[in-house]
Amino acid sequence: MRYVLFFILCLGTNPIVWAQERASISGFVIDATSGETLLLATVRVAGTSSAAATNTSGYYRITGIPPGRYTVVASYLGYSDFLQEVTLEPGERLRLDIEMQPASIEINEVVVTTDREGEDQRDLGVAMMEVESVKQLPAILEPDLFRALQLLPGIKAASDYSSGLYIRGGSPDQTLILLDRNTVYNPSHFFGFFSPFNPDAIKDVRLYKGGYPASYGGRLGSVLDIYNKDGNRNEVEGGLSIGMLASRAYVEGPYSKGSWMFAVRRSTIDPLLSALRDADVEGIPDLFYFYDINAKVNFDASRDDRFSLSVYSGKDRLVIPFLDDAEIAVALGNRTLSANWTHLFSDRVFSNFTVTASHYFSLPDFYVGGTVFRRSNNVYDLSAKGEFEYIPNERHQVKAGFWAGNFTMRLRDTFDDQEGLRSRIGSPYASVYLEDAYRPGSLVLLRGGVRANYFKQGNHLRLEPRLTVEYQPTEDVRLQAGYGRYYQFLSLITSQFLSAFDIWLTTAEGVDPSYGDQYILGAKTRLAGNVNLDVETYFRTMEQLFELDPFLPDVSGLDYDEIFHAGRGRAYGVELQLERPRGRLNGFIGYTLGRTERQYEQLNEGAFYPPKYDRTHDIKAVGIFELGRQWRVTGVWTYATGQTYTVPVGFYKLNGDPIQGRLQTVFDIKGFNNRRLPVYHRLDLGISKSGRLFKLADYEVQLQVINAYNRRNIWFYYLDVEDGDTVERTEIPQIPVPIPNVSFSLTF
Amino acid sequence: MSVRYLLAVLPLLISLVGCDGYEPVDFEEQIVVEGYLEAGEELAAIRVSRTAPLNSSYDFEKLAVSGAEVKIHLLKTDGTIERTYRFAESGNRSGIYIPLTDDTVRPMRTYRLEVSVEGQRAPITSRTTVPALLELLRVSTDTLTYQGPEQLEIEIAPDASTRQRVFAFTARALDVRRENLTPLAAAVLKESDLELEDLSTGSSPLLNEANYEVSENGMIRIRLPWIAIAFYGPNRLSISAVDENYYDFRRTADIQQGGSTLAPGEIPNVLEHIQGGTGVFGSYASVVTEIYIERPDEEKP
């Protein structure tokens with residue numbers, strides 16, 4: 001009898017037998033009107049705890065479902081819920097591709113509540129940005145993804161003139177920026193004013209502010225993962241937008257085996273500049289333009305095989321005289337290419353393979369009185385990536401992958417037509433990672449992984465462990481904790497003043513990679529009234545920050561490791577975000593309390609100091625109000641502690657320099673960045689009217705005002721010794737006046 | 001979770017953590033020394049003054065330090081003193097100390113400056129090692145057309161040391177008149193508050209020796225950049241190799257308000273090798289030649 005009972009127990013608990021009875025559902029989630037895959041859509045089986053989110057290819061898999069009759073519910077922000085009844089047989093693997101309809105805003109507000117909606121969008125350190133919001137929010141001359149991201153808690157800007165992302169105390173180069181899985185090395189246009197990402201071409205934006213998983217690597221701080229649209233698989237559509245600085249156009253559509261998309265943006269102020277030159281207005285460029293081209297084609301070979309080819313090309317070109325017989329000429333930009341193959345080996349094994357090519361170039365020339373200073377910086381990155389997802393059951397989701405490539409940086413300086421510096425660094429690199437998301441029970445999720453990175457230049461091999469833990473005591477509360485070690489083998493040499501001369505440099509023999517640890521705690525809650533409250537606290541270390549020595553007037557003839565100085569950093573803070581993602585009135589309020597500090601031997605006598613972008617308090621309020629079907633009002637208010645700057649303790653003059661032959665004023669400094677500017681605050685407002693134009697196309701007219709109440713925020717002080725030998729302080733403002741912005745868009 | 005509880009905690013958090021934490025910056029007076037030794041030339045004057053508060057007017061006469069004891073020691077290789085040169089304050093200019101003995105600055109030798117000021121606990125000191133003499137071997141021409149096809153080339157002998165030299169060019173106009181300004185210099189004069197005399201001496205940025213090619217006979221061939229020329233007509237050109245003190249001081253002082261990767265408003269301290277004070281005590285070696293700069297044909301009357 002005992003043996004019979006033992007046998008029955010084995011059958012009952014035999015995992016192989018048990019698993020054979022359970023069913024699974026998998027497939028792609030797409031937009032019903034356009035056919036675009038939807039990333040991080042939530043799919044769940046009503047009445048169970050079984051659920052999953054789509055991955056970066058829009059694929060999901062739910063396992064461990066007992067046989068029976070269920071309702072499958074799919075949810076995604078901005079879309080009506082998808083519901084479908086299914087009957088699952090024992091061991092069935094149901095392929096269910098889901099098409100979701102975009103939702104429209106009702107005048108009489110209807111709040112749709114869905115359990116676990118958008119949960120994966122609120123993972124530890126994650127922030128999502130809806131592309132439509134980017135186009136709706138008030139913008140300085142052009143709607144811009146990075147400026148929209150700067151509104152999120154934990155993300156700061158260097159100034160009104162910069163779109164650079166300073167995330168949780170890190171500099172912009174500490175964020176890995178990917179476009180269709182390809183690294184973008186110079187994400188700025190118009191000398192840092194805004195990013196090169198055309199909002200008409202973007203489908204999805206996911207930002208890991210910190211604590212990013214083992215599937216990413218190569219940067220100390222954050223990851224910004226951007227995906228272009230695939231193109232409408234059902235019908236041809238397009239749009240045109242005319243703005244004060246630039247105009248955009250896009251078109252997308254299907255073909256027999258897939259879809260395509262083409263988007264272009266170009267500056268259109270050439271006529272204005274020409275008129276100003278003809279009127280002899282000073283300081284007008286002789287030549288200025290920028291452009292972006294995004295193109296993508298998708299080939300759906302089968303249900304389980306999809307191919308895509310994505311290209312991007314962008315450039316800035318400027319030629320501006322600044323005195324008689326002196327001018328600056330700059331050309332810089334990016335070109336990227338991604339070829340991607342998504343393949344389902346089975347419903348349990350999903351894979352993605354990508355080949356990428358990226359080229360960044362920066363070619364500034366200074367011509368001054370017959371003498372030419374010329375710099376040429378080119379970065380080439382060729383790589384291949386593979387990603388695998390294995391979902392054996394409802395408890396585990398295993399990811400593994402590799403990323404291997406070759407990075408080449410070329411830098412050449414000439415002065416007066418004589419080459420002073422020629423440097424070429426070529427380095428193969430490789431990474432492999434393994435990660436498992438383990439759900440021991442319905443309330444707990446453990447995600448652990450390790451990433452190994454190798455960078456041949458300098459022969460650096462580094463391991464990066466990652467761990468996040470999530471506990472969900474109730475349906476509306478998620479408690480999260482995470483740790484990760486991160487390495488960075490590249491450093492961006494940039495100027496906060498003007499980003500046209502950015503250079504990427506790498507580690508090498510004698511130049512160790514930067515590294516840091518991140519510790520994060522988070523609590524995500526869902527309150528009444530469709531409101532989310534997220535709180536995160538973080539602490540980061542930054543070691544071996546290698547940067548170009550700012551005090552070197554000339555690097556010619558120096559060994560590579562001699563051109564750097566190394567330092568350290570740390571950052572810590574708390575972020576709060578109260579968000580109402582949907583409804584006639586939607587938006588968020590974000591508050592960050594944080595500190596970031598740096599330490600370099602040559603600055604501040606080797607003591608820690610706050611860099612200029614350190615701001616203790618940072619508040620942003622963003623609101624979008626739908627007045628009706630045709631009218632919308634938007635507003636953004638930002639407030640921040642003033643940035644730091646240096647106040648000298650005194651000054652003196654050198655009177656007898658025989659080489660310079662002139663007086664030189666020297667400031668006596670005790671303490672670096674020892675003062676703060678007045679607080680910064682600004683209000684931007686916008687109103688838009690939309691409608692139908694001659695029954696042919698939808699139109700939208702936007703009127704916006706940046707700095708609506710005319711706040712004169714200070715960018716920095718400039719000190720000069722005037723007549724009478726007194727030091728005069730001149731305020732250099734940020735955007736000093738209200739700036740209007742008008743745009744007109746058509747979509748068909 | 002109670003939002004009200006969280007909002008109540010916020011002011012406390014801000015009060016605890018949100019304070020700026022930076023004390024006001026008080027003026028701290030420092031003694032400024034300024035001196036330059038040129039290899040192969042006589043010892044030059046040393047200036048001693050004080051720093052001025054930021055909200056005051058700078059007047060060297062008022063800030064000059066009188067009654068200081070100024071000495072320069074010539075050191076042996078073991079660091080002991082070989083010879084001491086004493087200075088005395090100029091009779092008609094406070095704060096300027098003239099050497100009491102005539103002696104030539106010796107290249108490749110180390111000198112230590114020592115300035116004792118009443119009220120200072122310890123003397124202000126600094127050391128400099130004078131660069132080797134530059135040997136001018138060839139000058140390509142004595143007349144040039146501004147921005148013409150030919151540029152002035154100067155060949156100097158190479159240096160035996162392993163560390164590359166750092167050069168600076170200086171052009172002193174010998175006929176300073178407004179009508180002699182080059183277009184660039186004229187534009188600078190127009191756009192700035194500078195006086196004509198301020199432009200009479202122009203200098204290049206500090207440039208590493210590696211910028212220049214080595215000629216067939218192993219000499220360093222330096223080409224004069226046009227940026228150094230502000231006036232047509234006769235110009236006295238000098239090429240100077242600077243010591244570490246001057247190099248460090250100049251490269252950090254030049255970027256105090258921009259010109260590097262530091263953010264606007266970030267002013268770094270200068271890297272000066274003065275103990276007990278501030279300023280610069282540096283040395284250099286130079287060669288001089290004269291050249292006549294002609295106007296381009298299109299500018300000739």
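The structure displayed is predicted, hence computed values, not measured ones. Protein chains get the first letters and strands the later ones, always in sequence-line order, with residue 1 at the start of each. Worth knowing before you read on, the calculation uses all heavy atoms, side chains too, and leaves out hydrogens, waters and symmetry mates.
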Checklist entry - Side chain, backbone, both or neither: which part of A:E419 has an atom under 4.5 Å from a heavy atom of chain B? => result backbone
Checklist entry - Okay, side chain of A:D325, backbone of B:P183: is any donor-acceptor separation there less than 3.5 Å? => result no
Checklist entry - Do we see a donor-acceptor contact under 3.5 Å between the side chains of A:D668 and B:Q30? => result yes
Checklist entry - Given a strict heavy-atom distance threshold of 4.5 Å, which part of B:Q147 is in contact with chain A: side chain, backbone, both, or neither? => result side chain
Next on the checklist: Please classify the contact between A:V372 and chain B as side chain, backbone, both or neither, with a heavy-atom cut-off of under 4.5 Å.
Outcome noted: neither
Item to check | A:L552, part contacting chain B, at a heavy-atom distance under 4.5 Å | outcome: both
Checklist entry - If you tally heavy-atom pairs under 4.5 Å against chain A, which of B:P268, B:A253, B:P53 wins? => result B:P268
Checklist entry - How about B:Q256 and A:T646: do any of their side-chain heavy atoms sit closer than 4.5 Å? => result no
Checklist entry - Are side-chain heavy atoms of A:I659 and B:Y36 found at a separation under 4.5 Å? => result no
Next on the checklist: On a heavy-atom basis, which atom in A:G369 and which in B:W226 lie closest, and how many Å separate them?
Outcome noted: O-CB, 3.1 Å
Checklist entry - Should B:T170 and A:Q660 count as side-chain neighbours, where that means a heavy-atom distance under 4.5 Å? => result no
Next on the checklist: Would B:D254 and A:Q664 count as a side-chain contact (heavy atoms from CB on, under 4.5 Å) here? Give the steps.
Outcome noted: CA-CA 9 Å; B:D254 282 354; A:Q664 179 169 17; 3.0 Å; yes
Item to check | Side chains of B:D248 and A:F551 in contact at under 4.5 Å (non-hydrogen atoms) | outcome: no
Item to check | A:D554 backbone acceptor or donor facing B:N208 side chain under 3.5 Å | outcome: yes
Next on the checklist: Need one label for B:V242: side chain, backbone, both or neither, based on atoms under 4.5 Å from any heavy atom in chain A.
Outcome noted: side chain
Checklist entry - Does any heavy atom of chain A fall under 4.5 Å from the side chain of B:Q151, the backbone, both, or neither of them? => result side chain
Next on the checklist: Between B:S49 and A:Y652, does the side chain to side chain donor-acceptor pair (under 3.5 Å) criterion hold? Intermediate values first, please.
Outcome noted: CA-CA 9 Å; B:S49 61; A:Y652 58 94; over 6 Å; no
Next on the checklist: If only side-chain N and O atoms count, and only distance matters, is there a donor-acceptor pair under 3.5 Å linking B:Q257 with A:D720?
Outcome noted: no
Item to check | Under 4.5 Å from any heavy atom of chain A - which part of B:R223 | outcome: both
Checklist entry - Is the closest side-chain heavy-atom distance between B:L184 and A:V368 below 4.5 Å? => result yes
Next on the checklist: Could you check whether any side-chain heavy atom of A:I493 comes within less than 4.5 Å of a side-chain heavy atom of B:T261, counting everything from C-beta outward?
Outcome noted: yes
Next on the checklist: Between A:D417 and chain B, with a heavy-atom cut-off of 4.5 Å, which part of the residue counts as in contact: side chain, backbone, both or neither?
Outcome noted: both
Checklist entry - When you measure from the side chain of B:E266 to the backbone N and O of A:Y645, does any donor-acceptor pair fall under 3.5 Å? => result no
Checklist entry - Of all of B:G35, B:S240, B:A186, B:G265, which one pairs up most often with chain A through heavy atoms under 4.5 Å apart? => result B:G265
Checklist outcome for this item: From the list A:N655, A:L548, A:V666, the residue making the most non-hydrogen contacts under 4.5 Å with chain B is A:N655
Checklist entry - Quick one: what part of A:L558 sits under 4.5 Å from any heavy atom of chain B, side chain, backbone, both or neither? => result both
Next on the checklist: Quick check for you: among B:P225, B:A230, B:S203, B:S286, which has the greatest number of heavy-atom pairs under 4.5 Å with chain A?
Outcome noted: B:P225
Checklist entry - Given a strict heavy-atom distance threshold of 4.5 Å, which part of A:Y600 is in contact with chain B: side chain, backbone, both, or neither? => result neither
Next on the checklist: Show the nearest heavy-atom pair for residues B:D26 and A:V649, with the distance to one decimal.
Outcome noted: O-CG1, 3.7 Å
Checklist entry - Would A:Q602 and B:N269 count as having a side-chain donor-acceptor pair, cut-off 3.5 Å? => result no
Checklist outcome for this item: In terms of heavy-atom pairs under 4.5 Å with chain B, the winner among A:I732, A:T414, A:D657 is A:D657
Checklist outcome for this item: Ranked by heavy-atom pairs below 4.5 Å to chain A, first place among B:F169, B:Y284, B:Y246 goes to B:Y246
Item to check | For chain B, the option from A:G557, A:A326, A:G661, A:P658 that forms the most heavy-atom pairs under 4.5 Å | outcome: A:P658
Checklist entry - Heavy-atom distance under 4.5 Å to chain B: side chain of A:L663, backbone, both or neither? => result neither
Checklist entry - Is the side chain of B:T51 donor-acceptor paired with the backbone N or O of A:G650 at a distance under 3.5 Å, no angle test? => result no
Checklist entry - A:F322 versus chain B, heavy atoms under 4.5 Å apart: side chain, backbone, both or neither? => result neither
Next on the checklist: With a 4.5 angstrom heavy-atom cut-off, is it the side chain or the backbone of A:E547 that approaches chain B, or both, or neither?
Outcome noted: neither
Checklist entry - Under the side-chain contact (heavy atoms from CB on, under 4.5 Å) criterion, do A:L719 and B:I267 qualify, and how do the steps go? => result CA-CA 10 Å; A:L719 302 178; B:I267 305 176; 3.8 Å; yes
Next on the checklist: Run A:L603 and B:L262 through side-chain contact (heavy atoms from CB on, under 4.5 Å) and show every step you take.
Outcome noted: CA-CA 11 Å; A:L603 291 171; B:L262 295 175; 4.2 Å; yes
Checklist entry - Which heavy atom in A:P550 sits nearest to a heavy atom in B:I255, and how many Å separate them? => result O-CD1, 3.5 Å
Item to check | Max heavy-atom pair count under 4.5 Å with chain A, selected residue of B:A44, B:A187, B:G258 | outcome: B:A187
Checklist entry - How about B:L54 and A:V647: do any of their side-chain heavy atoms sit closer than 4.5 Å? => result yes
Item to check | Engaged part of A:D413 at the chain B interface, taking heavy atoms whose separation is under 4.5 Å | outcome: neither
